[in-house]
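Just below is one structure, and these are the notes that go with it.
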Amino acid sequence: MKSKSDVAQIAREALAQMPLMDLHTHLFDPAFGELSLWGIDELLTYHYLVAEVFRARPDLDVESFWKLTKTVQADLIWDELFIKRSPLSEACRGVVTVIQRLGLDPRRDGLAGIRRYFAGQTARGYIDTVFGLANISEVIMTNDPLHDGERAVWQKGFDRDPRFRAALRLDSALMNWPEGAERLAGLGYEVRADLSGPTLAGVRRYLTDWVQKMDACYMAISLPPTFRHPDSTSPLIQLLTKAVIPVARECGLPVALMIGVRKLVNPALRLAGDSVGPADVSAVESLALEFPDVRFLVTFLSRENTHALCVAARKFRNLLPFGCWWFLNNPSLIREMTAMRLELLGLGFTPQHSDCRVLDQLVYKWDHSRRLIGEVLGDKYTDLARSGWVAEPGEILRDAARLLPPAWQKAGSR
Ligand code: HDL
Ligand code: ZN
């Protein structure tokens, strides 16, 4: 029987060493070529760091920055956020973690030395390096058939790398309807701006076609803080309840709702221009109540919604809270959210996804999160032991794999 003091260490080691599946990323199978981002210049020009360099350089003209080459943008970011200032932000520290885990020394090698390392890598070889260092078994991509470049690869067909699973992303088709209608029609789906006639059947056909073509794990959509359900005035609610959810039920897939994004509050920052707003958690309770046989993977962008989502998940077993998303993916908030979720939901949630856009980020986003989640989980086992229940090592490993399973199918069975 292990002692009380061992359980926390066993939990931390379990999180540190277990292979796991990454529920939501923007990474791509290498078959997607240029869409698959990797390397130091992509790491440095990640939109999180772009937002930060503009704060470091209020004099920097934004449009002039965008005209710079990626290499020059990276030089500027490195100089401002790593040389002239210590890289203390989570996004900056992440770059340091990646460089160090690759066996390089960011201060000794400098940007030139780091670039020389990457010059010696191949895209496919580097995928093996990153998945090995991060100990990731598979990632789930974010796939959009209405993105012309991505669709062309799907339509041409390719030998899939089993480490890259698919998720059908719905924003471009369904958000701000009828903005997507023309593009759906362009693909041969009979849809009308007023949702009349064959439209909902046409959207269901689009969803079914692409869920099958991609072998999608789930369908996902990001939603504004104003998202409400029920809402008889909303075309989006019609599309969700009469197209997305019926297809999810038919295909036996969950629907991922990612709520709280205020798009492009500062358009000049492009991808870095989105912000956050507190949303109405009762909307997902209402959906869970109306569709008890459909599973909803739910994450909110606002810290303020975290507790209410935990309570909602206690009321509706078809709600699965997941991840510390985007602006919440920081140590202080990962600790707070994971403790809150363990206390309210036990093992009935998915603590983290990486949201990586650049392949190398798998290394740091999971290094940082494994340590944090392991610490919080370890504290909970210590609390449990103090209360009189000393978990066995095998039980701790079993529990950890429930929280962060190594494969998608296992994620489905909570
Ligand atoms: O909508 C999303 O999936 C978000 O994750 C956005 O892609 C966001 O820009 C992002 O990369 N967050 O980390
Ligand atoms: Zn994302």
Side-chain angles (χ1 to χ4, degrees), residues 21-28 32 35-38 42-52 54 89-95 98 136 139-147 150 164-176 179-180 216-227 236 244 254-277 279 296-303 305 321-331 333-334 337 350-366 368-369:
M21 173 270 301
D22 194 337
L23 183 62
H24 167 64
T25 77
H26 299 271
L27 302 179
F28 282 94
F32 288 92
L35 290 179
S36 177
L37 305 178
W38 60 282
E42 293 295 351
L43 278 173
L44 288 171
T45 56
Y46 180 40
H47 69 77
Y48 290 30
L49 282 90
V50 169
E52 292 174 28
F54 285 136
S89 76
E90 184 62 6
C92 286
R93 181 171 73 96
V95 176
V98 173
I136 295 295
V139 302
I140 300 182
M141 302 182 280
T142 296
N143 301 108
D144 180 0
L146 298 186
H147 179 288
E150 176 175 354
F164 294 82
R165 305 292 302 272
L168 176 56
R169 188 61 178 255
L170 307 176
D171 301 39
S172 57
L174 306 186
M175 291 305 290
N176 308 310
E179 276 180 19
C217 297
Y218 57 82
M219 291 183 280
I221 191 165
S222 79
L223 297 164
T226 52
F227 176 70
L236 176 65
V244 176
V255 178
L257 304 174
M258 305 168 72
I259 308 171
V261 192
R262 293 169 49 238
K263 300 297 281 183
L264 295 178
V265 297
N266 185 348
L269 297 191
R270 300 181 182 178
L271 259 185
D274 297 339
S275 187
V276 59
F296 296 94
L297 314 178
V298 184
T299 197
F300 281 86
L301 189 52
S302 174
R303 177 190 187 194
N305 289 137
F322 76 92
C324 302
W325 182 29
W326 197 344
F327 305 115
L328 297 175
N329 196 357
N330 299 306
L333 296 172
I334 295 169
M337 291 175 71
T350 295
Q352 190 60 296
H353 65 277
S354 71
D355 218 355
C356 291
R357 281 180 173 274
V358 182
L359 178 71
D360 327 43
Q361 293 170 338
L362 280 175
V363 174
Y364 91 78
K365 286 180 184 255
W366 282 109
H368 296 184
S369 289

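Note that ligands are numbered from 1 as they come in the structure, with each ligand's atoms numbered from 1 the same way.
Atom CZ of Arg93 has more than 12 heavy atoms from other residues, nucleotides or ligands within 6.0 Å.
At a cut-off of 3.5 Å, with distance as the only test, a side-chain donor of Glu150 or Asn143 sits close to an acceptor on the other residue. For the residue pair Gln361 / Asp355, no side-chain donor-acceptor distance below 3.5 Å is found, with atom types taken as modelled.
From the protein, the heavy atom lying nearest to atom 13 (O) of ligand 1 is Tyr48 OH, 2.4 Å. Residue, atom and distance of the protein heavy atom nearest to atom 9 (O) of ligand 1 are His47 NE2, 3.1 Å. Given atom 5 (O) of ligand 1, the protein heavy atom at minimum distance is Asp355 OD2, 2.7 Å.
Close approach of ligand 1 to His24 (heavy-atom distance below 4.0 Å) involves ligand atoms 3 (O), 5 (O).
For the Zn ion (ligand 2), the nearby protein N/O/S atoms, meaning those under 2.8 Å, are His24 NE2, His26 NE2, Asp355 OD1.
Under the 6.0 Å distance and 45° angle rule, Lys365 does not count as a cation-pi partner of Tyr46.
The side-chain heavy atoms of His26 and Arg169, taken from C-beta on, include a pair separated by under 4.5 Å.
Of the options His353, Arg169, Met258, the smallest heavy-atom separation from atom 1 (O) of ligand 1 is shown by Arg169. In this structure, of Arg357, Arg270, Lys263, Gln361, the residue bringing a heavy atom nearest to atom 11 (O) of ligand 1 is Arg357.
Considering all non-hydrogen atoms of both residues, Pro254 and Cys217 come closest at CD-O, 3.4 Å. Shown here for Val95 and Tyr364, the closest heavy-atom pair between the two residues is N-CD2, 4.3 Å.
For the atom pair OG of Ser275 and CG of Leu301, the computed distance is 8.0 Å after rounding to the nearest 0.5 Å. Note that the CD1 atom of Ile221 and the CE atom of Met258 stand 11.0 Å from one another [nearest 0.5 Å].
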